[in-house]
Structures are given as C-alpha cells and as structure tokens.
Engineer: 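Before I ask anything, let me first share the structure, which is written out below as structure tokens.
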Amino acid sequence: MSRAPKVTWDRITDETALGCGSGFGESYESLLQIKRWNPSPMSVQVVKPVPPFKRKCHFFSLSEWYLAILFSWVGALIREQYPMWNWPHQHPHYGLCPELDSTLPRSNGMEEICSDAGIKLGTFVGTKIPYIWTVDLCLTLTWIDSPEKSCTFVSVKPLESERYLYIDPLDRGPEKLEAERLYAKNLNITYFVGDRSQFPGYIFGQLENLAECSVLPHNHPWQKTLQNFLDAKGHEIAAYPLTEILRRLQKDFRASLHEATFLKNHMLWNQILDCDVSQPIRPHLPAHPGGRNLRAAIRENLQGGK
Amino acid sequence: MLNTNGRIPIPGEIIESKSKKACITETCRVLNVSAGLDRIDVIPVTPRKSNCRYYFIGPRTLVLSKVVRELGRNVLIILKNGIIQRSDGEASDEDLDKKYLRPGQEVSYPRKERHVRYEIIRPLVDDQEDRKLLFDPQVRVEKIAARANELTADKSKLMQISKRIGGLLNQYFAGGSTKGALTPFSDTKGGRNKEREQKNKLGRSNALTKAKQKGLEGFVMQEIDKKQCGFAWRNYYVRNSTIAKALRRMWREFYSDTVTKSDGKLLKRLYPEHQRPTRTQFVEWGQRRSPGHESWKKQFTKLNLNRIDRVLLGSASDNVVAIGQRGSTDSTSPDIEFVSVVNRTDRIGPAHRILVVDAMYNYISGFYLGLDAPSAETLNLAFLHSLTDKTEWLKWLGLTDQKPEFWIPIRYSSVLADNTDARCEGAIKSLDSIGTGLKFVAVARSDMNSPSETSHHTLHRMVDHNFHGTSYGQRLERGEERADILARHTIVEAIRETARAVYTHNTTVLDIRPTLEMKRELVEKGILLTRANLTRWEINRGNLSVCLIGEDEARRKLMPVTRGTFTKHGVKLLRPDTGKKREFIEPVRYVSKHPKIAKKFLKANVERARVTADSYDDEFKHDPYKPSEVYWRDPIDGELIRLEITTDDKDLPFECTYNDVIDMMKRDQLYLFYARNSKQESFSNMEAGQDQTKQDAEDAYQADLEKLDKKPSKSSMRRNKKKNREREKDMYQYGMPVQYPPGTSETGSESEPTDSFSEEPAADVSQEPPQKAAEQEPNLAGMSKDASERVNASQEDSMILQSIRRRRQQQSGGNHGK
C-alpha cells in the first residue's frame, strides 16, 4: 500500500486553488478522496456517482453512500466531504445565487469556533498544520429558494455502535460532532447526525438499484417511448403489476427488455409511478403507493421541520 | 397518520392535537359521538401525577362540528394506530402474578386490586346503553352516588367512595373501557432501575471485622468511586493488561497519597485497604459504568473486535434486489503450476485469476486467467469478459458443447473489492467509464467480499485441484513432490478448463429452497433452478440494475492498447518488451477487408518515400490472452474495426497467448542465429573452392602460355574462336563434356587393369594421408558441379578397383598356401 503524501501548506494551497472542496454540482470536487493510500480499517468505502451527476463521489462509509442516495432521491444535491475551513470564509452556498450572496452569513472559521468551545482542532499527522475538518454530506435542498435555508449538513455516524450509544467524555468522535454542530449553528445551517440504521434496509437496496435509471436526458430516444407510454397508459399504470408494465412497453411500444426495464425503474425513481420504496417492491404486484408521501416527509425533516 | 379530511371520529379512536389553539389540547380518546346533538365526548388518555399518585381527569363534552372542522384543517389528527397501552394494562392475571407475586402470596397485589376495582364499577359499566349515561355530568353524579350507597352504609365514607368510583371510571374510560385499564401503576413503584445509595458495606465480613476490629469493615462505594471504577475499567483495563494491573493502577491514581521519601523521590502510598475499592467492587462497578466494555472484549485487537462484535446489517448480498446491482471481484492465484506452450518441459510457474461475480445468485459472469499480476489492465479484461458475448470466445476455446446463452453478459452498478488490485486510479477510472462504481471493503475484511471469495474456493475445488501440477493450496510437506515438477498444463488449457468449470458452476441445479415466486414461475414450468436460469429470470422480470453497453464501447474502454504498424501485408504488432527498439511480433499479422483498413494497407505499400519508420504506427486494442483478433478504432467516427489473425502456424491462435508468441520469438532467435551462421559458413566454403578453381585455371593457362614461343596478341587470341569452338564441340556430346569411365583417359584410350599398383590418380588418392585428402575437399567443393562429380566418381571407382585387386591377391596368396 502506497504512502500518504506529506501535507504541506503549498500542497493545501495548490489543492484549494485547483478547486478541491469548492464548486457546485458536477464541478464540485471532494476535498478528501479515496486513494490507494487511505483504506479504512472499519468502513466500506465507495467511489461512485450520485444522481443526477456523473462525477465520481467519494464516500468513506457505506452509510454515507446510502444516505446520499436517499437524499438524492428526495431531490437534494450532494456535496460530500465538504470542508469547514479553519480561516474565516463564505457560506457554503456562496456563489449559488450571486444576487443573494451578500445576504449570506460568513463563517468565523473552524479554528475560532473550536477555540471558543474549548475543543482541540488538531493537526495533520506529522505536521503542525491545523487539520481541515470536513462534514460528511453538504446538501442543497433544491425545493427551497433561499440559498441560506436550502443548505443542510449531515454527519453520518454509526449511531448504533457503542461509541455513540455510550458517549465517553474523553472520546474524540462526539467532540467533533459538537464542533460540527457549532459550525453549522454559526452559519444558521440545519445540522443532522444520520445513520442508515435509522431507516429500513429495503429502501437503500431498492434506491441503489433504481438510481442507475434516475436520469433520462430530454433528447434521448427512449424519452419518446416513455412519453408515448405515459400518454397512453399513464392514468392506469398504478393498477398494473410491474411485470405488466414491462410487458406492455415491450409489446405495445416495441421497447427492448433493457429499455423497458430502464423506463420502469426511471418511473419508480422519479415517482411518476407512486411507489413506496421502503417496502419490498414485488414485480408481480402493482406498486404499493406511499413513495411520494415518504419523499415529502423526508424533505420536511431535511429542512428542519415545517 | 391518517388524513381524516374532516370525517366524524369513531368512539375508541385517539385524537391528537397539533396546535395549542385547538379545541382539544392533549391526546384524547373518543367516548361517544352524537351527530344529532352535535356533541362529542372525549377523555384525556395521559394520567396526571400528584404526590407519586397517578390519576385521570374526567370526560369532556365538545362541539362535534368544531372538532370535525379542526380535523379537516389538520389541527387535530386521528392516530391511525392508536396509542401504546401500558404493558400491565394488557397483561393477563397470570402475567401479573408472574411479574409481581411475592413470596407467601397466592395472588399478586395488582391482580387482586384490578379485580377489586372492576367489581366496584362493574354495575355501572356492564350495560353498554347505561354506560353512555355516565358521559352526562348530571346523570353520572347520580349514578355514582347510588353505587356508593350500595357499597357502604357508613355515611361518613360516602364522599370518599364516590370520589374513588369517579376516579376509577375515568381510568376505565381513558384506558379503553377494558378491565385491564384499572390495573394499578405498580410498575412505577419502588426503586426499579435505580441505584440504591449504599450506606453499609455489603457482602460478607472481611477478616478484620471477623476478628472484631472496629472501623475496618470495608469500603462503602459512593458515586464518585463508582465513576472512578468505570473510568479505570475503560482506560486501564485494556489489551495486554489484566484486571489486577488495572485495579492497582486505579488505586495508585485515585486512592493514594504522594509522599516524599528520605532520598527526595516521590512515592505513591496506597490508602489502607478499607478505604479503597476491592477487586470485586472494581469489577462490578467498572463494568456497570462502562457499557460496551465487557471483559471478554478487552483482549481482542480493535480489528478482530470489529470483525466479531460490530453489528453489520447482514451479508455482502443483503439488500440486493436486482442483477448487476452489486458485483464482487477479487484475484487469487490458481493452485496450479504451468508449463510453456512451446516446450512443456519448461516451467513457467503459477498464474493469476480474477473473478467477477454477481452478488444475487453468485453467478460468475466473467473472469481473467493469465500470467500478469492483478492490475488495472487485467481487471479491465475480467470486466470486459463479463460484459461481452461469449460465442466467439467459446469457439476459440473449442468449447462448442456449451450454450452461449448460459453465459449471460452483465454490467455492474457497483462492485465490491478489497484494497488490492482494484484500488488504483487506473481501475477506478476505467470502471467509472463503464458506469461501475467500486466499494472497497475494510482492510483485512475479505469476509465482507464473500461472493468472489467463495467462488475462488469453488473453482479451486472444481479446476485447480483436479489437474497436474496442483499444490492443493497447501504448503509442501517433506517428501512430497513439488507442484512445479508435476506441472503439465499450459495457460490456454487452464483457461479452457476454467471456462468449463464456470459453466458447470452456473448451470448446476442449486439445492436451495425455492421461494413461492420461483415455484410459480420456474419450478412448475419445469425450469431448473440454476444460477444461470435464476439470473435470466430476474433479468426478464425487470430486475436488472444497469443495461448493457455495446460491445464496441466496452472494448474501447476496457481493452488494453498495444502499438502496431500498418504494412502492405497487414497490421504487425510491435513487441511491448523491447522499449524504444521497434520489433514486430513476426509470426502473426492481422488483416481485414474493411475499406478503411484496406486503404491503410495500400497507403503503407505505396507511400513509403519520405516517411519515417513509425509513420504508419497506430494503437490497437487487443486481448493478450486471445491473439486471434485485434481492434482498430477510427479516430474520426470512432468505429471499432476488427482485424483477424493471419499466420502460417495453424495452432498458434488457439494455443498461444501473446506472451507465448513473444517467448517463441525469443527462442526462434537462437535458432535463426545458428542457421545464419551455418549459411555463412557454406557460402564461405563455396567461395574458397571457386578461388582455388580460378587459381588452378590461371596456372594451367600460364603453363600453356609458357609453352608458346611468343605471347599471342589479343587479336590472335580471338581470331580462331569459332574454329576452336567447333573443335571443342566435336569432343563434346550434346554440347557437354563427355564423362569418361574411370581408368580411361580423356582422349579415349582405355587403360588396362593391372594387378600392380598404379601410380595414376587412384594411387594418389589412396596413398595420400587422410589429412591431405581432407585439405583437398574444399577444392572439390570449389569445382563446377560436373567436374566435382566426375572427380568423385573416378575416386570411388578407383577405390573399388583397389579393393578388388586386394581381394584377388588375398585369394591367390591363400591358394598358394593351401
């Protein structure tokens, strides 16, 4: 296993200049990335795009990946491993809507927040350079217009593990969560600690499966098949078993099996067909409704309640 | 929650308030609804508490229309699932006894009390119709008073009993109008789950107390001591330490004084024994104050503890609902040693195998087997194999008995991998290009990548351990033959046998218990439950995570690139192992009739002036383990064009990999070196003979010239050319010199055979020493063909004559002797 590159001020400056830890959407680049030299002794690490983007996302635990998929399903845009810079800096949504940038609060920087809270910031291993903390997921809630209110931080931790079930006052983990909370509070950002164990397992498996079919570009040839199908059968597809949808797409609309499967999954992901993804999807039965309500409920939670 | 949309509630339902301004401000149970009177009776379900006593307040009567309106505005909501009842309220009499029965009791107090309470109100609530009257405040008072009068004749207790009946009725209605609702709140009594404040030392007396010594009874644990025990348990009792050591350290840290010794050094002196916790106290309170730090976990490493203790939600295939949703890949070395395809006595050692497995049914969709160590390149080949149709590949391997439709191409949404071969930028990038993400399991946690790991074991058993040169995956024992000594198989044979085993693995009937769906849709239709059938079934019913991409696209993105050159004979690949030196892989070339390729060949043939050696070089996609084809990508329109192999060696495309071809070339170079050497030597010998002939001719000419008186002029030399030619022709037969039999002169006079040894050429040959004869050989080689044949023939004949003469002499000598 190769060695971690040495952290220097020059390196940090170069990386930030190259855009690591900044940008939005497709152009965002994670500050921490999965490399050959940073395997985890504890977690499953995931390198994979999260819809609707094609860029590689770097998740340092399976929970992060699953929650990112879930939040992406409800319509949030994900920026993973988002840096909380030590020095005073702009709001995470600075630049998202330039005409409102002046209304966004500025952060004092993590160094000041930690020193006020009496929490040791820490340094990069083997150096005296202050460590740059990152929050696991920085969400942009697209259904909220205000850039200030549409930002949410989610810290993903194994809440069922003993480390978080029984908080040790000397443990660094909970201390870091407190620092993250203070940082979010400083910027008036909603902050959560999340874990996949809080959700039924089915939801992640099924969303992971459907995520591949989340995006169908407007100019894609299959878009026409979908529109034709919805125009003809849209009012009654809720009553069809899922296998029947496949059959009709193949028989009546001359779709190939792969095309039909993609379109079915696309309808399920985007809830064109209301389907509760927290329950097992059974192909020989009609979709169980409830997905839209579930999505609305999660949206409500993400924005910190009504 | 239920969106009631303003419907009229049903008695028994629970209404929850969502606003402080609503007509109901706390959670209530609906007791009675009267639409005609526009009234609704509700009762709060949450008990009040006063002086450690729980009680319920009475029913309230509200305007029904207002409640319905607020339900419509979602200010009030009806709880679909009701509220959770107290466990004691739902417990049977036996359950209550089991929980609360004390020694000496026949019936537990809660059971008895519940029965008594119910008996008090039973006449009031037994009748369903009469019960409704109790919701009218006026009637209620009258009925309660009447019941109180029935229960006691003592006027002084009437008020008290009436109050009790009222309270019981409230509890009864709030709890859902069941007998269980009257169960007392015994579960809240006493010090359940509370730590008793210790005042005396617990447990048996210590030795000092037994000896009647006062004030030495032992240590009484206070809250601070318990916390210290917990801290010490968590932080001092760690791996490679013991409880005793941790206890002593705690004593030193928290139960000691620091004293200065006479030499000025500091010493920690422990408190007396009765002023510090005992080991039993330390263990008890240390564990109790440190949940998650149980003693059995202390001696494991963090890694091992994670492996056995951390709750993982199921296995690697959990939450997999579709084919291709989660794959698994890993590499291993087959437990088998290989030999060279060129010469089977040459050992080439072990190989590497990469598997790509679908996590749903452990279907092996592709693999790589070759000499190259796991890398991005070999991983790409494995995934390319998984993605592409196998018909041609099976033909190439000669496995025509296998059905290609059972080799189902699969593209993966994400793939589990360990932190070895797939964890590199090249692999991440190339797999990302085909839309496959990577999930790296934790370090040293291959158990989390079980689909490929179990498939490795399967293939070891099915292939590796059944062939020559296997190590059986075990270390060599003394006296055993080494695997490489027993090696007999080539790589291509191993690929063929692995393909056979994978096919068997995928098409073997599984001994699984079929689900209802499988029974309905497969078993009853007579379809066997094999991995291939199940995978195909899932795909057909729409459980496919990602669509396949085109094979050309897959090749473009995953196939390794090699350099080659367009020549007039086809594409020749350049050897990758020679650095900057340009050397073709000679035995093979690739051709195609595609117009673009034909144009390239033509250009390479005719436009050779003023171009550098690498002018017609290009990049080609190829599978190093399938030399029968390469692909060229047109940079303009991106078309991928297939070129097929052409070679004189018919077996080569089917038996060799590129490595083998290059290895063959290296071996051939040695052969060619000797062949070239031999050729040069032959030419050198021939030219030496020519030189001798020239010299002899020149000498003879000079001798003839000296016989003349005067050196002839050049014109005189040429003058009689025709005449000379005619004379010479007369001496020849058919224009060729006449070949005379041995022993005759060139002029035609035949020499008589004699018994005496002749001094003529035959004698010269026999009498010459062998060394000299050998020296003459080059001269023979240097003569013209006819001349040398003549000389050879005459020499042979003279030797035959000599032997005949010798035999005659022996015969005559022998006769004289007789």
Engineer: Quick one: of Ile281(A), Ile34(A), Leu242(A), who has the most non-hydrogen atom pairs under 4.5 Å with chain B?
Structural biologist: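 Among the listed options, the one with the most contacts to chain B is Ile34(A).
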
Engineer: Measure the spacing between NZ of Lys35(A) and CD1 of Ile428(B) and express it to the nearest 0.5 Å.
Structural biologist: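 That separation rounds to 7.5 Å.
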
Engineer: Can you name the closest pair of heavy atoms from Thr261(A) and Ile539(B) and give their distance?
Structural biologist: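 Residues Thr261(A) and Ile539(B), closest heavy atoms: OG1-O, 4.5 Å.
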
Engineer: On a heavy-atom basis, which atom in Lys439(B) and which in Val44(A) lie closest, and how many Å separate them?
Structural biologist: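 Of all heavy-atom pairs spanning Lys439(B) and Val44(A), the closest is CB-CG1, 4.0 Å.
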
Engineer: Calculate, to the nearest 0.5 Å, the distance between atoms CG and OG1 belonging to Asn540(B) and Thr243(A) respectively.
Structural biologist: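 Rounded to the nearest 0.5 Å, the CG-OG1 separation comes out at 11.5 Å.
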
Engineer: Are the side chains of Asn419(B) and Ser40(A) in contact, using a 4.5 Å heavy-atom criterion?
Structural biologist: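 The answer is no, as the side chains (C-beta and beyond) never meet within the 4.5 Å cut-off.
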
Engineer: Counting only heavy atoms closer than 4.5 Å, note whether Ile203(A) contacts chain B via side chain, backbone, both or neither.
Structural biologist: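 Neither part.
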
Engineer: Quick check on Tyr66(A) against chain B: is it the side chain, the backbone, both or neither that has a heavy atom closer than 4.5 Å?
Structural biologist: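 Only the side chain of Tyr66(A) comes within 4.5 Å of chain B.
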
Engineer: So, taking the atom named CG in Asn319(B) and the one named CD in Glu208(A), what distance separates them when rounded to the nearest 0.5 Å?
Structural biologist: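 Between atom CG of Asn319(B) and atom CD of Glu208(A) there are 8.0 Å.
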
Engineer: Which region of Asn265(A), side chain (C-beta onward) or backbone (N, CA, C, O), has a non-hydrogen atom less than 4.5 Å from a non-hydrogen atom of chain B, or is it both or neither?
Structural biologist: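 Just its side chain gets close to chain B.
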
Engineer: State the CG-NE2 distance between Leu548(B) and His258(A), to the nearest 0.5 angstrom.
Structural biologist: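 Going from CG on Leu548(B) over to NE2 on His258(A), the span is 4.5 Å.
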
Engineer: Pro280(A) versus chain B, heavy atoms under 4.5 Å apart: side chain, backbone, both or neither?
Structural biologist: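 Neither part, no heavy atoms under 4.5 Å.
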
Engineer: First locate atom CG of Asp432(B), then atom NZ of Lys48(A), and finally report the distance between them rounded to the nearest 0.5 Å.
Structural biologist: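 That separation rounds to 8.0 Å.
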
Engineer: Of all residues at least two apart in sequence or in a different chain, which pass the side chain to side chain donor-acceptor pair (under 3.5 Å) check with Glu15(A)?
Structural biologist: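 With neighbours one apart ignored, the set is Arg11(A).
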
Engineer: Say whether, by atom type as modelled, one donor and one acceptor occur between the side chain of Arg423(B) and the main chain of Asn38(A) under 3.5 angstrom.
Structural biologist: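 Such a contact is found between Arg423(B) side chain and Asn38(A) backbone.
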
Engineer: Sort out for me which of Ser414(B), Ala322(B), Ser413(B) touches chain A most, counting heavy-atom pairs under 4.5 Å.
Structural biologist: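 Of Ser414(B), Ala322(B), Ser413(B), Ser413(B) has the most heavy-atom pairs under 4.5 Å with chain A.
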
Engineer: Among Lys56(A), Glu259(A), Gln45(A), which residue has the highest count of heavy-atom pairs closer than 4.5 Å to chain B?
Structural biologist: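 Sorted descending by pairs with chain B, the first entry is Gln45(A).
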
Engineer: From Phe59(A) CZ over to Phe440(B) CZ, what is the distance, rounded to the nearest 0.5 angstrom?
Structural biologist: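 If I round to the nearest 0.5 Å, the distance is 14.0 Å.
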
Engineer: How about OH on Tyr240(A), more than 12 heavy atoms from neighbouring residues, nucleotides or ligands closer than 6.0 Å, or not?
Structural biologist: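 For Tyr240(A), atom OH is crowded (more than 12 foreign heavy atoms under 6.0 Å).
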
Engineer: Taking all non-hydrogen atoms of both residues into account, name the closest pair between Pro283(A) and Asn543(B) and its distance.
Structural biologist: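 Heavy atoms of Pro283(A) and Asn543(B) come nearest at CG-ND2, 3.9 Å.
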
Engineer: Using every non-hydrogen atom in the two residues, find where Val443(B) and Pro39(A) come nearest and quote the distance to one decimal.
Structural biologist: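 For Val443(B) versus Pro39(A), the nearest heavy atoms are CG2-CB, 3.6 Å.
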
